[in-house]
Every structure is written in C-alpha cells, then in structure tokens.
Undergrad: 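Here you go, one structure.
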Amino acid sequence: GVQTCALPISTLVMRPVGAIIFGLWADRRGRRIPLLVDVTFYSVVGFLCAFAPNFTVLIILRMLYGIGMGGEWGLGAALAMEKIPAKRRGFFSGVLQQGYSMGYLLAALANLLVINQLGLSWRWLFALSIFPALISLLIRTRVKESEVWEDTQEKMKMTRSSFRDVFLNFAVLRRFVYLILLMTAFNWMSHGTQDLYPNFLKATDHAGAALSASAAAWIPVVYTIGATVGGVLFGPLSSKCGRRYTIAFCALLGLPIVPLFAYSTSVGMLCLGSFLMQLLVQGAWGVIPAHLSEMSPDTIRGFYPGVTYQLGNLFAALNLPIQEGLAAQHGYPFALAVTIVPVFVAVIILILVGKEARGIEFGGRLGTGQESPTPAST
C-alpha cells in the first residue's frame, strides 16, 4: 500500500540531491575523496535502518541513504571510466553497471536465508548490508585519483574557465536536458520490470493459484542472473556496434518478450520470461556508464552523468504507484504490459534521435560542445 510505495520513493527523491552535492565536490576537489566519504556515509545510514524504532524514522534514514546512493553512481562511473582505456570502456561499463544486479542477487539470496530459512526479522537485512558496502570502501581506498581530472584542472587554470562556463554552454545544456529524458525512460524501463514483479509473483492470478513461497523467492534469483549476464554481454558489444544501436537492439528484442514476462502462469515460463527480460533490460543498462561518461565534458564529469541519471530516476519514481493502481483495477499482467511496452518504444526513439561519442579519448576537452569527430550533441 502506501508504505510499500513510500520507502522506495523516499530514496529515489533524494538521489538527485546526492548526485548534485557529491558531483560538484568531485569536479572541484577530485573523484576519490568524495567517493570514499559517500560510500562511508550510505554504509552507516543503511546499517542504522536496522534499528529504526518506527516507520517515520525509517523513512528519514532511507532519504539520507538516497543522498548517498545518488552520489555514488556518478562518482564511481566517472572515476572508473576515466581510468579505463577507451577501447575497453564498453566491457568495463557492463561490468560496472552489473554491480547493481549482483547486489540485487545477493539481496535476494540474503532474503531467502534470513527471512525464509532462518525466520529472522527484516532488520537483519539492513544490518547485513553494511558488509558489501565496507568491502567496496576498502577496495576504493586503493584506487588513485583520476589523471583525467588532474589534467583537466591544469587546463582550466590555464584557460581560466569554470564549471559555470562549461555547463551553461548551449550545446552542453541542451544535451543535459536530452540525457535527463533518456534516463527517465531508462529508469522507467528498469523499475517497470523489477519493482512490481515480486508482488506479481506472490499474487493469486497464476492460473488461479498463487505460486509457492519458495518459487516466488527463487524466481528473482533467476532473473537477476539474467540481468548480470546481460550487462557483461552487451557492454562489450557496444564498443563494436555502437552505444545507440546496442541499446536500441536490446529494447527492440524486449518487446516480444513482454507477453511471456507478464502473462505466463507456470514457474518454468515465468523463469524464462523474467530471465530474458532482465537480460535485455540490464544489457541496455550495461552501456550507460560508458555512454553518459563519453557524452560529458571532462570538466563536469563528476556532476553531469550522475545528475542526469538521478533526475531520470526521480521522474521514473511515478512508475510504481501507477503500476500498483493499474494492478488493483486490472490485475498485475495488464499493469506490467501496458507500462513496459510504451517505455521500450520511448527508449528506442530517444536513443536513436541522439548521438554518441563512442571511444573518444578523455582529457582534451573542457566543454565547447565539440566533443567528438561525430558530434555528440542532440
């Protein structure tokens, strides 16, 4: 009900705030320290959620957690993409983005163990979440500062340019708006195929009977494996076939999978439909870290990709209440199908009308709007 929607929405609403705060900090002072502070912050807040005395406190903590989440993606993507050779960017983009799917998989397995097998409270899931976050923090302490950022700072001093000069460039600002629209469609595609699906699996409209609790819990594990494979598969493909065409290909293939994904009634077909759906959805997502980083001027890469991504996430937060409302009136299969099909079409159109800067070398552009031999502006 209201609480089911309130928790994820409270996190999504605050993610652009984190992207702006930590993105600006990263462009002024470097990627590394803001990223380490950010990961520490959301690790501690996530752990504190386990001790929330009531729903109001939990909402406040999830909002703070959203600030940390919002900052982490943009900074992590900027640091990673700036350190990776251009020809390998597609592969590592897919690997980077599928950290999300691996986290989802670990959460699904933790749910099976903590809730289903041990019968423990949901609070344990929040408490356990601090361990992978701290492992990530430990790894990132060994990563040095981005050389691209350091070179860019020297060029900015020489040219006496600033963040405002770059961001208010018409081509850069126009592309910023375009990328927000693109990421709104992308996040709607992702959340539209994930957020409601666990409830759908537990509903009593699968051939007139509910799935067993075990089946409903294991199917997310299956489709999360598909999501992980998708990013690692299609990320590298985008380096050969282009970022836009790879994304459009995934979205186009997703359209005929919708009936299998939404209207299947047996466990086997639900596994197949959800596996293929997440393979393609997260396959398209695997291209995004590289694509957004390449579309960003060097000067504002800490801010630009993360904020466009998180603003898209914010606007896509409308997806869950819309799907819940449609499900209440027309059933889960209809709610899934009627919201997923249009967003696939939107992703195809938006990505094809834009351009890309695949394989461009970072470090030589401060934001003139002329970022690649093939102009990247829309």
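Computed from a predicted structure; not experimentally measured. Because only heavy atoms are used, hydrogens play no part in the values below, and waters and symmetry mates are left out as well, while side chains stay in.
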Undergrad: Measuring from Met295:CE to Leu179:CG, what's the distance to the nearest 0.5 Å?
TA: 5.0 Å

Undergrad: Stepwise, does the side-chain contact (heavy atoms from CB on, under 4.5 Å) test hold for Trp25 with Asp38?
TA: CA-CA 11 Å; Trp25 185 11; Asp38 179 74; over 6 Å; no

Undergrad: For Lys202 and Ala216, work out which heavy atoms get closest and say how close.
TA: CG-CB, 4.2 Å

Undergrad: Can you get from Val177 to Leu292 by hopping between Ile, Leu, Val, Met, Phe, Trp and Tyr side chains that sit under 4.5 Å apart?
TA: no

Undergrad: To the closest 0.5 Å, what do you measure between CG (Leu64) and CE (Met14)?
TA: 7.0 Å

Undergrad: Do Leu255 and Leu260 land in one hydrophobic cluster if side-chain heavy atoms of ILVMFWY residues count as linked below 4.5 Å?
TA: yes

Undergrad: Classify the ring geometry of Phe176 against Tyr304: parallel below 30°, tilted from 30° to 60°, perpendicular beyond 60°.
TA: tilted

Undergrad: From Leu272 CG over to Tyr223 OH, what is the distance, rounded to the nearest 0.5 angstrom?
TA: 15.0 Å

Undergrad: At their closest point, which heavy atom of Arg244 faces which heavy atom of Ile351, and how far apart are they?
TA: CD-O, 3.2 Å

Undergrad: Would you indicate whether the side-chain heavy atoms of Phe200 and Ile219 approach each other to under 4.5 Å?
TA: no

Undergrad: Apply side-chain contact (heavy atoms from CB on, under 4.5 Å) to the pair Trp188 and Leu318, showing each step before the final yes or no.
TA: CA-CA 8 Å; Trp188 201 295; Leu318 294 171; 4.1 Å; yes

Undergrad: Measure the shortest side-chain to side-chain distance between Ser239 and Arg89 over non-hydrogen atoms and say whether it is less than 4.5 angstrom.
TA: no

Undergrad: Hey, does the side chain of Arg15 reach the backbone of Gly70 with a donor-acceptor pair shorter than 3.5 angstrom?
TA: no

Undergrad: What is the distance from atom OG of Ser293 to atom CZ of Arg301, rounded to the nearest 0.5 Å?
TA: 6.0 Å

Undergrad: Of the non-hydrogen atoms in Glu82 and Val148, which two are nearest, and what is the gap between them?
TA: O-CG2, 3.6 Å

Undergrad: When clusters are formed by joining ILVMFWY residues with side-chain heavy atoms under 4.5 Å apart, either directly or through shared neighbours, do Val345 and Leu336 land in the same one?
TA: yes

Undergrad: Got Gln278 and Val281 here, is their nearest side-chain heavy-atom distance under 4.5 Å?
TA: yes

Undergrad: May I ask you to decide if Thr224's main-chain N or O and Thr228's side chain share a donor-acceptor pair within less than 3.5 Å?
TA: yes

Undergrad: Please tell me if the side chains of Trp149 and Arg32 come closer than 4.5 Å, counting only heavy atoms from C-beta onward.
TA: no

Undergrad: Which atom pair, heavy atoms only, marks the closest approach of Met189 to Ala284?
TA: CE-CB, 4.2 Å

Undergrad: Looking only at non-hydrogen atoms, find the nearest pair between Leu196 and Ala335 and report the distance.
TA: CD2-CB, 4.2 Å

Undergrad: Would you find a donor on one side and an acceptor on the other, under 3.5 Å apart, between the side chain of Thr184 and the backbone of Ala316?
TA: no

Undergrad: Would Phe126 and Leu61 count as a side-chain contact (heavy atoms from CB on, under 4.5 Å) here? Give the steps.
TA: CA-CA 11 Å; Phe126 283 112; Leu61 288 172; over 6 Å; no

Undergrad: Do Arg31 and Val143 have side chains that get closer than 4.5 Å, going by heavy atoms?
TA: no

Undergrad: Less than 4.5 Å apart, any side-chain heavy atom of Val13 and any of Met63?
TA: no

Undergrad: CZ of Phe234 to CG of Leu279: how many Å apart, nearest 0.5 Å?
TA: 5.5 Å

Undergrad: Should the ring pair Trp73 and Tyr309 be called parallel, tilted or perpendicular, given that the plane angle runs from 0 to 90° and is split at 30 and 60?
TA: tilted

Undergrad: Are there over 12 heavy-atom neighbours, none belonging to Tyr100, within less than 6.0 Å of that residue's OH?
TA: yes

Undergrad: How close do Pro305 and Ile300 get, heavy atom to heavy atom, and via which atoms?
TA: CD-O, 4.1 Å

Undergrad: Going through the distances and angles, do Leu173 and Phe167 end up as a side-chain contact (heavy atoms from CB on, under 4.5 Å)?
TA: CA-CA 6 Å; Leu173 191 58; Phe167 183 69; 3.7 Å; yes

Undergrad: With rounding to the nearest 0.5 angstrom, report the CD1 to CH2 distance, Ile247 to Trp285.
TA: 9.5 Å

Undergrad: Does Glu150 use its side chain to pair, donor to acceptor, with the backbone of Glu145 at less than 3.5 Å?
TA: no

Undergrad: Which residue in the set Arg243, Arg358, Arg175 passes salt bridge (charged side-chain N to carboxylate O under 4.0 Å, His left out) when paired with Glu294?
TA: Arg243

Undergrad: Give a yes or no on this: more than 12 heavy atoms of other residues, nucleotides or ligands lie within 6.0 Å of atom CZ of Phe41.
TA: yes

Undergrad: If we only count heavy atoms from C-beta on, is the Phe315 to Asn187 side-chain gap below 4.5 Å?
TA: no

Undergrad: Same cluster or not: Leu12 versus Tyr65, using hydrophobic residues (I, L, V, M, F, W, Y) connected whenever any side-chain heavy atoms lie under 4.5 Å apart?
TA: no

Undergrad: With a 4.5 Å limit on heavy-atom distance, are the side chains of Lys144 and Lys83 in contact?
TA: yes

Undergrad: Please answer whether the main-chain N or O of Gly71 pairs with a side-chain N or O of Tyr42 as donor and acceptor at a distance below 3.5 Å.
TA: no

Undergrad: Is it true that, when you exclude Arg29 itself, more than 12 heavy atoms of the residues, nucleotides or ligands shown sit nearer than 6.0 Å to its CZ?
TA: no

